[in-house]
Amino acid sequence: MGTSQVLGLASVVLTGVWMGHFRGGFAWNGSEQEFNVHPLCMVLGLVFLHGDAILVYRVFHNEPKKNVKLLHGIIHLLALIMSIVGFVAVFDFHRASKIPDMYSLHSWCGMITLILFCLQWVMGLLFFLFPVASAWLRASYLPVHVFCGLALLVMAIGTSLLGITEKLLFSIMPTYSKFAPEGVLANVSGILMVCFGLLLGYLITKEEYRRPPNPEEEALSVHFKTLTDGGSPTTP
């Protein structure tokens with residue numbers, strides 16, 4: 001678990017160093033420095049915080065389920081806020097610099113990821129944190145919710161790698177192939193993100209880290225299985 005945090009934090013720190021040291025720092029004035037807010041917020045939000053929100057079910061697998069669900073939702077909300085700040089920064093920079101929006105594969109993938117992330121958070125809120133759905137709907141939606149969370153993490157990491165590649169090619173193309181320090185740092189940051197995602201996937205799928213089912217989860221499971229088998233539910 002600790003290794004995943006080291007990898008995730010290292011990717012955030014290196015992204016901050018890249019934008020702060022090599023790209024001129026941060027600002028909120030429509031300049032290049034405002035653009036630099038974008039990659040830092042996206043890595044912090046959609047990669048690191050999103051991954052940690054998924055991981056809380058493995059770290060706190062003996063804590064009360066309600067508390068873990070609340071923490072899961074709060075961390076995801078923080079990730080969503082950071083991501084929105086990152087998107088506002090890049091659109092503000094484009095407007096100030098008279099650069100067209102949404103023309104690259106990176107921007108398309110990023111927008112799709114953010115929209116799906118918003119939907120995922122709202123659905124989780126309605127189905128699990130403040131459930132308005134029936135037990136049958138919650139039980140049937142749970143595996144979809146879990147899959148979408150992992151898929152969105154993969155999409156976020158992939159989109160970040162696209163962004164790193166685009167930035168390097170457009171910014172330091174003449175020196176990139178000569179192992180310029182900026183290029184090396186950006187490449188290492190990308191590798192750390194990939195390692196973070198892989199380790200997270202390993203921890204999530206490893207049986208010994210799974211949360212033992214509580215009576216509520218067992219009731220949902222029995223309820224769902226009974227309905228899908230065509231019988232009458234024996235639990236509320």
*Plane angle bin for H76 and H72 - parallel if under 30°, tilted between 30 and 60°, otherwise perpendicular*: perpendicular
*Which of parallel (below 30°), tilted (30 to 60°) and perpendicular (above 60°) describes H38 and H106?*
perpendicular
_Evaluation steps, side-chain contact (heavy atoms from CB on, under 4.5 Å), between F35 and K167_ = CA-CA 11 Å; F35 173 86; K167 187 67 175 175; 3.5 Å; yes
*Sub-6.0 Å ring centroid separation between H145 and F127*: no
How many angstroms lie between [atom1] in [X] and [atom2] in [Y], if you round to the nearest 0.5 Å?
| X | Y | atom1 | atom2 | answer |
| --- | --- | --- | --- | --- |
| M102 | W108 | CE | CH2 | 8.0 Å |
| S11 | L44 | OG | CG | 9.0 Å |
| L80 | F117 | CG | CZ | 6.0 Å |
| L129 | I74 | CG | CD1 | 8.0 Å |
| L168 | S177 | CG | OG | 12.0 Å |
| M42 | F87 | CE | CZ | 4.5 Å |

Find out whether [X] and [Y] are in side-chain contact, i.e. whether some heavy atom of one side chain is under 4.5 Å from a heavy atom of the other.
| X | Y | result |
| --- | --- | --- |
| V56 | F60 | yes |
| M19 | P39 | yes |
| L185 | H21 | no |
| Y57 | K65 | yes |
| L199 | C195 | no |
| E182 | R23 | yes |
| T159 | I112 | no |
| W28 | V85 | yes |

Looking only at atom types and distance, does a side-chain atom of [X] sit under 3.5 Å from a main-chain N or O of [Y], one as donor and one as acceptor?
| X | Y | value |
| --- | --- | --- |
| S97 | H94 | no |
| S104 | S107 | yes |
| N36 | G25 | yes |

*Would you check, one step at a time, whether the test side-chain contact (heavy atoms from CB on, under 4.5 Å) holds for V43 with L14?*
CA-CA 10 Å; V43 173; L14 286 186; over 6 Å; no
*Could I get the full list of salt bridge (charged side-chain N to carboxylate O under 4.0 Å, His left out) partners for D52, not counting sequence neighbours?*
none
Do [X] and [Y] belong together in a cluster built from hydrophobic side chains that touch within less than 4.5 Å?
| X | Y | result |
| --- | --- | --- |
| L198 | M155 | yes |
| V122 | F147 | no |
| L162 | L40 | no |
| I157 | M111 | yes |
| L125 | I81 | yes |

_Pair L116, Q120 - check side-chain contact (heavy atoms from CB on, under 4.5 Å), show working._
CA-CA 6 Å; L116 292 178; Q120 170 85 342; over 6 Å; no
_Steps toward side-chain contact (heavy atoms from CB on, under 4.5 Å) verdict (N187, Y176)_ = CA-CA 10 Å; N187 288 347; Y176 186 28; 2.9 Å; yes
